Amino acid sequence: MASVGLLFYFVLGHAIMAYVLWGISTLLLSGILFFDRVLHGFEVTGKWLAHGIGTGVTWILLVPFFYIVFGTGRFFLKLRGKDPMRRKLDPEAESYWTPHQKLDIETRYHRQF
């Protein structure tokens, strides 16, 4: 962290960020060497931060991605009139059972998936 602080200070010219990194690295080093409570504080803060980032990524990125991808796919399937799961109810049908395709034993083991 101290070397990244040097990179920020000399190469990128960000003095404040370098000071923040140096302060964190000093606290972390002192926690490792002398004070267990400081190290425990870093661990608790890291867990809290990781949980917040994980929750944020889930709700901010994955939920809209799900609705965009699957919503658009369903929209285009509906436009084309396709129903791959055969969810339409047919009141005249005796049963909704679909016959199973019977394969011989040898072809089952050659192409399993």
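Just so we're clear, the structure is a prediction, and the values are computed from it rather than from any experiment.
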Hey, any chance Val44 and Phe42 share a hydrophobic cluster, counting ILVMFWY side chains that come within less than 4.5 Å of each other, even indirectly?
no

Within the side chain of Tyr96, is there an N or O that forms a donor-acceptor pair under 3.5 Å with the backbone of Asp90?
yes

Assigning hydrophobic clusters by single linkage (Ile, Leu, Val, Met, Phe, Trp, Tyr; side-chain heavy-atom cutoff under 4.5 Å), is Leu27 placed with Val20?
yes

Close side-chain approach of Leu12 and Met17, heavy atoms under 4.5 Å
no

What one should report as the nearest heavy-atom pair of Lys88 and Asp83 is N-OD2, 3.3 Å

Taking atom CD1 of Ile60 and atom OG1 of Thr55, what is their separation to the nearest 0.5 Å?
10.0 Å

Applying a strict under-4.5 Å side-chain criterion to I, L, V, M, F, W and Y, I'd like to know whether Phe34 and Leu28 cluster together.
yes

Closest approach of Thr45 and Gly41, non-hydrogen atoms and distance?
OG1-O, 2.7 Å

Distance-minimising heavy-atom pair for Lys82 and Arg74
O-NH1, 4.2 Å

Is the number of heavy atoms from other residues, nucleotides or ligands under 6.0 Å of Tyr9 OH greater than 12?
no

Do Leu79 and Phe70 land in one hydrophobic cluster if side-chain heavy atoms of ILVMFWY residues count as linked below 4.5 Å?
no

Main-chain N/O of Trp22 paired with Ser25 side-chain donor or acceptor, under 3.5 Å
yes

If hydrophobic clusters are built by linking Ile, Leu, Val, Met, Phe, Trp and Tyr wherever their side-chain heavy atoms come under 4.5 Å apart, do Phe75 and Met85 end up in the same one?
no

Over all atoms of both residues, closest heavy-atom pair of Leu21 and Phe8:
CD1-CD1, 3.6 Å

For residues Gly5 and Ala18, report the shortest heavy-atom separation together with the two atoms involved.
O-CB, 3.3 Å

Heavy-atom closest contact (Pro91 atom, Leu89 atom, distance):
CD-O, 3.5 Å

